[in-house]
Amino acid sequence: QVQLVESGGGLVQAGASLRLSCVTSGRAFGGYAMGWFRQATGKEREVVAAISWNGGSTYYADSVKGRFTISRDNAKMTVYLQMNSLKPEDTAVYYCAAVRQIIQVMDVTSVDYWGKGTLVTVSS
């Protein structure tokens with residue numbers, strides 16, 4: 001079992017930055033690829049970014065490329081999402097996820113473990 005706890009969400013103005021953190025516990029963190037998803041009100045959950053177990057591979061949704069950066073610290077069992085140049089359309093609940101293979105982030109039903117989410121609100 002893997003437990004995921006997100007933090008770092010909040011209310012910011014457009015153009016600002018936030019850094020989300022996801023601390024994990026339980027089974028070996030290094031054995032999992034990690035992803036960040038988001039779900040806006042009335043919309044489906046979508047993948048934002050993902051990173052392989054060793055950080056060697058990353059994936060970004062087109063909507064966040066060049067603005068968001070995913071990283072991980074296996075020693076701290078933590079994955080981060082640095083979000084810059086935030087836009088109102090980035091407003092959503094952001095979820096941390098653990099998957100055995102990075103490709104699994106392309107299908108939300110394939111995620112092995114979910115955090116409870118942290119709310120990011122970007123005002124215009």
Side-chain angles (χ1 to χ4, degrees):
Q1 194 74 8
V2 175
Q3 292 80 42
L4 310 174
V5 180
E6 304 95 335
S7 63
L11 171 62
V12 297
Q13 290 188 330
S17 298
L18 279 176
R19 188 176 82 154
L20 305 183
S21 299
C22 172
V23 179
T24 70
S25 60
R27 299 182 68 178
F29 174 71
Y32 288 86
M34 301 296 295
W36 286 97
F37 290 71
R38 67 186 180 187
Q39 188 166 18
T41 302
K43 295 188 176 181
E44 295 185 349
R45 194 171 297 189
E46 61 177 1
V47 61
V48 174
I51 188 166
S52 60
W53 70 273
N54 63 354
S57 297
T58 56
Y59 167 82
Y60 294 95
D62 287 343
S63 58
V64 306
K65 280 182 181 176
R67 299 189 298 123
F68 290 11
T69 303
I70 190 170
S71 61
R72 66 188 294 163
D73 184 334
N74 285 354
K76 296 182 178 180
M77 298 179 68
T78 302
V79 61
Y80 305 96
L81 185 68
Q82 178 67 43
M83 305 186 295
N84 298 329
S85 303
L86 283 162
K87 304 175 181 180
E89 50 263 45
D90 295 318
T91 295
V93 177
Y94 283 72
Y95 297 90
C96 179
V99 293
R100 290 179 177 82
Q101 300 292 332
I102 193 170
I103 190 66
Q104 290 176 245
V105 301
M106 305 310 295
D107 179 359
V108 296
T109 65
S110 296
V111 169
D112 296 292
Y113 301 100
W114 290 103
K116 293 184 178 182
T118 185
L119 177 62
V120 172
T121 304
V122 184
S123 63
S124 58

Acceptor/donor pairs from residues 117-124 side chains to any protein atom, 3.5 angstrom cut, sequence neighbours excluded:
residue, atom, partner, partner atom, Å
Thr118, OG1, Gly9, N, 3.2
Ser123, OG, Val12, O, 3.4

Would you list the pairs meeting salt bridge (charged side-chain N to carboxylate O under 4.0 Å, His left out) in which at least one residue belongs to [range], sequence neighbours left out?
{"range": "residues 46-68", "result": "Arg38-Glu46, Asp62-Lys65, Arg67-Asp90"}
{"range": "residues 101-122", "result": "Arg100-Asp112"}
{"range": "residues 8-21", "result": "none"}

inquiry  = Applying ring pair (Phe, Tyr, Trp, His ring centres under 6.0 Å) as the test, list every pair that has at least one member in residues 77-101; sequence neighbours left out.
reply    = none

request  = Could you give me the CA-CA distance, side-chain angles and deciding distance for Glu6 and Leu20, then say whether side-chain contact (heavy atoms from CB on, under 4.5 Å) is met?
outcome  = CA-CA 7 Å; Glu6 304 95 335; Leu20 305 183; over 6 Å; no

If you group Ile, Leu, Val, Met, Phe, Trp and Tyr by side-chain heavy-atom gaps below 4.5 Å, do [X] and [Y] land in one group?
{"X": "Val23", "Y": "Leu81", "answer": "no"}
{"X": "Ile51", "Y": "Trp53", "answer": "no"}
{"X": "Val48", "Y": "Val105", "answer": "no"}

query = In chain order, what residues pass the ring pair (Phe, Tyr, Trp, His ring centres under 6.0 Å) check against Phe68, with sequence neighbours excluded?
reply =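 Listed in chain order: nothing, the list is empty.
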
inquiry  = Run the ring pair (Phe, Tyr, Trp, His ring centres under 6.0 Å) test against Trp114 and tell me which residues pass, sequence neighbours left out.
reply    = Phe37

task = With sequence neighbours left out, write down each residue that passes side-chain contact (heavy atoms from CB on, under 4.5 Å) with Gln3, or none if nothing qualifies.
result =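 So Gln3 forms a side-chain contact (heavy atoms from CB on, under 4.5 Å) with Gln1, Ser25.
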
task = Go through the structure and list residues passing side-chain contact (heavy atoms from CB on, under 4.5 Å) with Glu44, not counting sequence neighbours.
result =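 With neighbours one apart ignored, the set is empty.
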
So, for [X] and [Y], which heavy atoms are closest and what is the spacing to 0.1 Å?
{"X": "Pro88", "Y": "Ala14", "value": "CD-CB, 4.1 Å"}
{"X": "Ser71", "Y": "Val79", "value": "O-CG2, 3.1 Å"}
{"X": "Val47", "Y": "Ala61", "value": "O-CB, 3.6 Å"}
{"X": "Ser21", "Y": "Thr78", "value": "CB-CG2, 4.3 Å"}
{"X": "Leu4", "Y": "Tyr113", "value": "CD1-O, 3.5 Å"}
{"X": "Ala98", "Y": "Val111", "value": "O-CG1, 3.8 Å"}

request  = Please test Met34 against Thr24 for side-chain contact (heavy atoms from CB on, under 4.5 Å), starting from the C-alpha separation and ending with a verdict.
outcome  = CA-CA 10 Å; Met34 301 296 295; Thr24 70; 4.0 Å; yes

request  = Decide side-chain contact (heavy atoms from CB on, under 4.5 Å) for Tyr60 and Thr69; before the verdict, give the C-alpha distance in whole Å, the side-chain angles of both, and the deciding distance to 0.1 Å.
outcome  = CA-CA 8 Å; Tyr60 294 95; Thr69 303; 3.8 Å; yes

inquiry  = Holding to side-chain hydrogen bond (donor to acceptor under 3.5 Å, both in side chains), I want the full list of residues that pass it with Ser52, two or more places apart in sequence or in another chain.
reply    = Asn54

note = disulfide bond (SG atoms under 2.5 Å apart) pairs touching residues 80-124, sequence neighbours excluded, are Cys22-Cys96

ask   = Which pairs pass disulfide bond (SG atoms under 2.5 Å apart) with one or both residues in residues 25-79, sequence neighbours excluded?
value =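 Non-adjacent pairs meeting disulfide bond (SG atoms under 2.5 Å apart): zero.
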
key: Distance, nearest 0.5 Å, that separates OH of Tyr32 from CZ of Arg72   =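 Going from the OH atom of Tyr32 to the CZ atom of Arg72 covers 11.5 Å.
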
Distance (rounded to the nearest 0.5 Å) between Trp36 CH2 and Ile70 CD1 =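 Spacing of CH2 (Trp36) from CD1 (Ile70) equals 8.0 Å.
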
